[in-house]
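So the structure is just underneath, and the comments pick up after that.
Residues take their numbers from the sequence shown, with the count starting at 1. Both ligands and their constituent atoms are indexed starting at 1 by order of listing.
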Amino acid sequence: MDKKPEVIFLSDMDGTLTPSRLPMEEHFARELEKLLDHYKFYIVTGSDLAKVAEQIPPNIISKVSGVYASMGNEFYVSGKKLYENEFTPEGALLEKLTFYRNNTKYPYELYPNFIEERCGMVNFCVVGRDCPLAARRQYQEWDDASKEREGIALELSAEFPKYDFSIGGSISIDIVPHGFGKVQAADRIRKIHPNEKIIFLGDRTEKGGNDYDLAQRLLELGNSEIVAVRDSTDALEYLRSNGFLHD
Ligand code: M1P
């Protein structure tokens with residue numbers, strides 16, 4: 001089926017298309033699939049492709065036009081990697097992350113995999129990425145009150161000024177060298193689609209959020225609309241009320 005040429009979509013994943021680190025809801029997938037028959041749709045996420053595959057159903061993945069994974073540090077079309085950025089985090093940074101893990105005031109159990117090295121980035125998670133869902137919720141609640149992640153990100157920004165530290169998900173911090181965050185997807189997608197209007201959906205487009213730089217860069221590049229959503233229900237409401245969902 002020919003896609004409408006004038007508008008393309010770019011969307012964040014966690015908190016926008018799916019709940020954080022959880023699979024896409026079935027009714028949302030049914031609606032999104034209809035949209036994909038008519039419009040080009042790209043995903044941009046801090047997660048790597050393995051996590052994208054856990055959260056987005058295969059029928060949706062096979063229909064999207066591309067996935068900017070690991071903060072845009074790798075790009076996939078039809079499961080094929082078209083580029084990746086190289087990055088080896090320095091020892092001093094990894095040592096400091098280990099220090100934060102060992103000295104956290106979080107009073108409950110910690111789990112393995114607190115430093116996850118992905119293509120072009122590092123994800124740091126005090127409670128440990130391998131935590132079960134209940135511990136994820138417990139840490140999230142505790143962090144909301146204690147603001148541990150905000151404090152760590154601020155301190156790290158002062159000590160390691162050549163990196164960006166952003167709070168994209170619920171329990172972790174994404175770390176990239178300057179310019180190697182989600183923002184890079186803006187120029188790349190504009191290059192592929194010089195004339196189309198780009199509609200970007202994200203749940204962290206406010207200053208300090210990990211969709212902010214990308215949203216701002218799209219606005220600078222022009223012919224773009226930024227849609228700030230709270231969750232996938234909100235995203236669906238936008239798509240429905242703006243006439244993008246066709247039966
Ligand atoms: O896509 C948003 C974030 O999702 C996960 O965050 P968390 O585990 O903290 O909820 C991570 O994959 C993170 O890198 C990513 O930015």
Looking only at heavy atoms, is any part of R136 under 4.0 Å from ligand 1, and if so is it the side chain, the backbone, or both, or is it neither? side chain
Thinking salt bridges, do R21 and D14 make one under a 4.0 Å N-O criterion? no
Backbone or side chain, does any N or O of I171 fall under 3.5 Å from an N or O of ligand 1? yes
N123 heavy atoms within 4.0 Å reach ligand 1 at atoms 11 (C), 13 (C), 14 (O)
List the closest protein heavy-atom neighbour of atom 2 (C) of ligand 1: residue, atom name, distance to the nearest 0.1 Å. D14 CB, 3.6 Å
Flag if over 12 foreign heavy atoms under 6.0 Å of CD, E141: no
Counting only heavy atoms closer than 4.0 Å, does ligand 1 sit against the backbone of S170, its side chain, both, or neither? both
With heavy atoms of S20 as the reference, note each atom of ligand 1 found under 4.0 Å away. 10 (O)
Heavy-atom contacts with N210 under 4.0 Å: which atoms of ligand 1 show up? List them by number with element. 16 (O)
Partner of S11 under side-chain contact (heavy atoms from CB on, under 4.5 Å), picked from F200, F41, Y42, is F41
Carboxylate-amine/guanidinium contact D48 K51, below 4.0 Å: yes
Does any N or O atom in R21 lie less than 3.5 angstrom from one in ligand 1, N or O only? no
Starting from atom 9 (O) of ligand 1, locate the nearest protein heavy atom and write down its residue, its atom name and how far away it is, to 0.1 Å. S172 OG, 2.6 Å
T45 neighbourhood, listing ligand 1 atoms whose heavy-atom distance to it stays under 4.0 Å: 1 (O)
Who's the nearest protein heavy-atom neighbour of atom 12 (O) of ligand 1, and how far? S47 OG, 2.9 Å
Give the C-alpha distance, both sets of side-chain angles, the deciding distance and a yes or no for salt bridge (charged side-chain N to carboxylate O under 4.0 Å, His left out) between D174 and K182. CA-CA 10 Å; D174 291 317; K182 283 185 176 181; over 6 Å; no
Under the side-chain hydrogen bond (donor to acceptor under 3.5 Å, both in side chains) test against E148, which residue among Y139, Y100, W142 passes? Y139
Hey, looking at atom 5 (C) of ligand 1, which of K51, Q140, R129 has the closest heavy atom? R129
Closest approach of any protein heavy atom to atom 6 (O) of ligand 1, naming residue and atom: G169 CA, 3.3 Å
Could you walk me through whether L236 and L245 pass side chain to side chain contact (heavy atoms under 4.5 Å, CB included), step by step? CA-CA 9 Å; L236 205 54; L245 293 177; 4.0 Å; yes
Using side chain to side chain contact (heavy atoms under 4.5 Å, CB included), reason through V44 and I189 one step at a time and then give a plain yes or no. CA-CA 10 Å; V44 57; I189 198 167; over 6 Å; no
Pair R190 + E196, salt bridge at N-O below 4.0 Å: no
For atom 14 (O) of ligand 1, what's the nearest protein heavy-atom neighbour? Residue, atom name and distance, please. D174 OD1, 2.5 Å
Just going by heavy-atom distances, which of E116, R149, R118, R204 is nearest to atom 11 (C) of ligand 1? R118
Whether E33 and R30 form a salt bridge (side-chain N of Lys/Arg under 4.0 Å from carboxylate O of Asp/Glu) is what I want to check. no
